[in-house]
Every structure is written in structure tokens, then in C-alpha cells.
Amino acid sequence: MKSNNFPIGIFDSGIGGTSIWKEITTLLPNEQTIYLSDSKNAPYGIKSKQEIIDLSIKNTEFLIRKNCKIIVVACNTATTNAIQLLRSNYNVPFIGIEPAIKPAALKTKTNTIGILATKGTLTSDLFAKTSNTLHKGITVKETIGEGLVALIEAGKIQSEEMHNLLKKYLKPMVNNGVDCLVLGCTHYPYLIPIIKDIIGDKIEIIDSGLAVAKQTKHILEENNLLNNTDKAGHHQFFINKNKDILCSIIAPNSNIKINELDF
Ligand code: DGL
């Protein structure tokens, strides 16, 4: 029996999924949340499918033990590699996040869209399946954002290394006439100011954060699981490495409690 007051569980390989947590808590301010950041095992994007599945199972079971009424897989890499298995193994609704290449394909005028994502996402069967549904005239420039997640997890968003890597990945897209750039990793919204400096304002940046929050609301409504109180939700964070970086990214001055885990 799931109660409406039970929390929404959210997990990611690290702190990137907080970009989704922010969208969810803005859209659903009365919901309780539990966020699990498996930073010790980040990045997932360079791991094998089986390793990503095993870590996703471990994260899911943690959130189920905490009585979560729904689980948001706030990680493109975990969603594209593990969500089918999670849905068939656990009796709880799952919300996933996938790169927004379909919306980008509908918007592009140059018929050329770019996507920056992890190796695990870009090589997954689920991503291939979605790509194959795109109109044949659309060119998708795929780029693996190797090293980006590790730098974010290390608190090096503003580093020279980050600027250089982003230039290396994005300049070829600009030169190839991309007019929509899909951010296919929940860590990347934290890079938007730097990305904009590199690609300028003629390329639209597309990410799936708000769509995931809306879908979470929709599935809660459909299952009669929305929290009907008028009190602000309570939020708990669990992390197994680099607590300070999570703290600086969610709200340095807030009194949200971050729990350290040996996990
Ligand atoms: N936030 C994860 C994603 O959306 C990062 C993956 C990783 O850890 O490499 O794909």
C-alpha cells in the first residue's frame, strides 16, 4: 500500500540529477523527495550495460526501502540501459529521462541537430530505437561528452579543462550547421552558461528536465498518488562521496539535510 504522503525517490550517478530534482520540486512543491546521489560510482557513462543495471538495481532498492511511492531515474545513462528491467522487476511506477531528440527534430530548420551525451546513452539500444524513428532527412551529430561528468563531480565546472573540452565537443557541431543542441545528460544543464558562450545564441539548447517533472506529475495523478497537503514538502539527500559539491549545487544556504552514506 502506497500512501500519498510517501516521498518521490530520485536517483542519479551523481549530482546531475539535481537539475531534475529542481524541476520536480518547483512543479510539485508539496511533495516530499528523497534524492540519492551515487557519486562514488560516477561516471556511469563509461561502464558496461550490466554494471549500469546492477547499480540502478542497488539505487532502486535503497529508495524502495525508504518507502518511495514513485522512482525517477534522473539519469539518461541509467534510463536508456536499465529502465525496462527495473519496470519489469519492481512494483512501483518509474519515470525515466531520455535525450530530447524528437522535440529537437521537430524544431530544427537546418535539419541538423546535435546531441551531447554519455557513451552509455549513445550506444544504448533504447537510444538507437528512438533515433531510428526520426525522419530520414534529419542528421544527428552525436558527441560523447567524455570527461564532463567527472569534472562536474569534482566541482570543476568553471575550470579551464572544462572550457577546453566543451570547445572541442561543440565547435564541430557549430561548424556542421547544428541549430538545436540536445543535452542528453542530467549533469549538463549546469554547463549551460559555458555552452552558450561557445555556441552563441543562434543554437537552441534543449533538455528534458521540465518534461520529466510534468510526466512525474501526470503519473502521480493517474495513480492517485499526489500529495494533497498544503504544506511545503520535506527533502532528504543521500550521497556516498563529495557531500560539499552537492551542497554547493542544491542550495548553499538552505537547511536541507544531506546524509552521507557508506553505499
Ligand atoms: N547524469 C547522468 C546522465 O544523465 C550522468 C551519467 C554518468 O554518470 O556518466 O547520463
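Both ligands and their constituent atoms are indexed starting at 1 by order of listing.
Protein residues lining ligand 1, listed by chain and number: Asp12, Ser13, Pro43, Tyr44, Gly45, Cys75, Asn76, Thr77, Thr118, Val149, Cys185, Thr186, His187 [non-hydrogen atoms, distance under 4.0 Å].
The neighbour count for Glu221 CD, taken as heavy atoms of other residues, nucleotides or ligands under 6.0 Å away, is above 12.
Side chains of Glu61 and Tyr90: a donor-acceptor N/O pair is present below 3.5 angstrom, by distance only.
At a threshold of 4.5 Å between non-hydrogen side-chain atoms, the residues Ser56 and Phe11 count as touching. Ser13 places none of its side-chain heavy atoms less than 4.5 Å from the side chain of Asn41.
Aromatic ring pairs are classed by plane angle as parallel below 30°, tilted from 30° to 60° and perpendicular above 60°; the pair Trp21 and Phe237 is perpendicular.
Aromatic pair Phe263/Phe238: centroids not less than 6.0 angstrom apart.
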